[in-house]
Amino acid sequence: MESKAKFDCCDNSQEKRLSSVNDTVSRAVSLCSKITEFEDVPLPGAAGRVNFGETVSLFSLPIHDHSAVDGYALGGSGKKAFKIVGLMIAGDCPKGRIATDEAVRIMTGAPTPNGTRSVVMQEHATVSDGCVVPNFDVPEGDNIRRAGEDVQVNQSLVRSGTRLDARHTALMTASGYQTACVVRKIRVAVLSTGNELRDTGVGMGPGHIFDTNRPMLRTLLNSNAVETTDLGIIKDDLGAISETLKEAAGDHDLIITSGGVSVGEEDHLKAAVVAAGGSIEGWRMAIKPGKPIALGKIGKAVYLGLPGNPLACFVDFLLVGRPVLEALAGAVQRAPLVLNARAAFGWQRRPGRLEFFPCNIVGTSQEGFPLLEKTGRAGSARLMPLIEADGLGAVTAGCSSIEPGSELKFYPFRADMGL
Ligand code: AMP
Ligand code: MG
């Protein structure tokens, strides 16, 4: 599968043998086969799921001609007296016919009687002696919503691969659907590796740390479209890891591990994937933090090995894990939202890799760009700077110096109008 999500940041590595983010994402996506199983899900609960196949409208929208305002349906033209011959309220059955000198008192949403030429708002008309006189000659069709003017029967409503949200719930419900046909949930197994890791409350001793990545990844994976299996913490033992991977590959679409993908003595993941009968396709990305990352396949399952350092793990999941989930679901790939921004700080750095750092927006530059401040000293193991951050800032690989006002890219965590 070809990735359409191009990462809009100059990420040409200055270090050899490292893949760019775009190449890594493309490779990761190319390992994914779109899931072809589907299910019907009641509509409000389908938000977050990916539409399977194209959805066409069962009804025209509006379903029938109706009034857009509270007022009077007029049978003819002119600034003259129309005899009021009836009342239509929302929910009334379409009925009757009005003559050119007749009117019907009508409420918003009520079907317009046959013969209606226009509807005048009650604020724009005078009523006396059982007649209504519009204040002006109301143009033909005014305030009538015509059947089918928004959507025709059988018109395409939602394309295959669309991630559903409140807009789709509304449109599909309005056009007659109770359920959506969606891709089945993606089955993801998550595990951590490391002798030093403990779950909170379980056998913490000297030299141990709390397993942070697994709960973090489970939170990142928390979606209607994903079913996560927590495989716990596995010791730095080649046999134990490969056994776990092999078993997980049987009934998962994606296996995500963290730790053990660097080049240390206890970094067993690459060997474990091979020992489990799988293959490794790539393992180093030209970014900071997040360089060590393993991509592969074990049987039909896609394998994603994320770095142990929590910030690196977080960044790599957002950059590579998210597109993998989209590809497995057959969702239309969307590149992350990236904004042009300016630095509010100075920074001397070693050039070489595209670098991400937690930052927040502290104002607007003279040119109108968001002004960014770092939220702490960056470091792949540091989590505290993330807490205050509005998103990730990025500097290009070749950059050695940032001055206040320098150009940066900004990847916001939140979209306040987000769906
Ligand atoms: P590794 O990639 O296994 O060499 O780990 C790199 C660093 O990340 C080490 O300091 C590990 O202790 C730490 N680390 C690995 N996995 C986790 C985890 N699940 N939670 C928190 N820290 C971790
Ligand atoms: Mg380790």
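Read the numbers this way: they start at 1 and go in the same order the structure lists the ligands and their atoms.
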- line: min-distance protein heavy atom vs atom 22 (N) of ligand 1 -> I209 CD1, 3.5 Å
field: Protein heavy-atom partner closest to atom 18 (C) of ligand 1 - residue, atom, separation in Å
entry: N213 ND2, 3.3 Å
message: Is the terminal nitrogen or CZ of R322 (NZ for Lys, CZ for Arg) located under 6.0 angstrom from the six-membered ring centre of F317 and within 45° of that ring's axis?
response: no
- request: Answer yes if the side chains of H124 and Q122 hold a donor-acceptor pair under 3.5 Å, and no otherwise.
  value: no
message: Yes or no: does G194 have any heavy atom under 4.0 Å from an atom of ligand 1?
response: no
- prompt: So do the side chains of Y303 and K297 get within less than 4.5 Å of each other, counting heavy atoms only?
  reply: no
field: Within reach of ligand 1, part of S258 (heavy-atom separation under 4.0 Å)
entry: side chain
task: Apply the test side-chain hydrogen bond (donor to acceptor under 3.5 Å, both in side chains) to residues S156 and E54: give CA-CA distance (whole Å), side-chain angles for both, the deciding distance (0.1 Å), then the verdict.
output: CA-CA 7 Å; S156 171; E54 178 143 344; 2.5 Å; yes
Criterion side-chain hydrogen bond (donor to acceptor under 3.5 Å, both in side chains) on T112 and D65, from CA distance to verdict: CA-CA 6 Å; T112 44; D65 290 1; 4.5 Å; no
- prompt: In terms of side-chain geometry, is the basic nitrogen of R163 or D165 positioned less than 4.0 Å from the acidic oxygen of its partner?
  reply: no
field: Any G264 heavy atom less than 4.0 Å from ligand 1
entry: no
field: Protein residue, atom and distance nearest to atom 20 (N) of ligand 1, heavy-atom basis
entry: T212 N, 2.9 Å
task: Would you tell me which option among G259, G308, S380 has the nearest heavy-atom contact to atom 8 (O) of ligand 1?
output: G308
- request: Run the salt-bridge test on D199 and R214 with the 4.0 Å N-O cut-off and return the result as yes or no.
  value: yes
- prompt: Can you tell me the protein heavy atom closest to atom 1 (P) of ligand 1 and the distance?
  reply: G260 N, 3.6 Å
- prompt: So which of R187, K300, R184, K34 actually passes salt bridge (charged side-chain N to carboxylate O under 4.0 Å, His left out) with D253?
  reply: R184
message: I need the nearest protein heavy-atom contact for atom 19 (N) of ligand 1: residue, atom name and distance, please.
response: D211 OD1, 2.7 Å
- request: Return the residue, atom name and 0.1 Å-rounded distance of the protein heavy atom closest to atom 7 (C) of ligand 1.
  value: N309 OD1, 3.3 Å
- prompt: Considering distance alone, does some N or O of P307 sit under 3.5 Å from an N or O of ligand 1?
  reply: no
field: Beyond-backbone contact of D142 with V119, side-chain heavy atoms, under 4.5 angstrom
entry: no
- request: Could you tell me the residue and atom name of the protein heavy atom closest to atom 4 (O) of ligand 1, and the distance to it rounded to 0.1 Å?
  value: D267 OD1, 3.7 Å
- prompt: Which heavy atom of the protein is the closest neighbour of atom 12 (O) of ligand 1, given with residue, atom name and distance?
  reply: E196 OE2, 2.5 Å
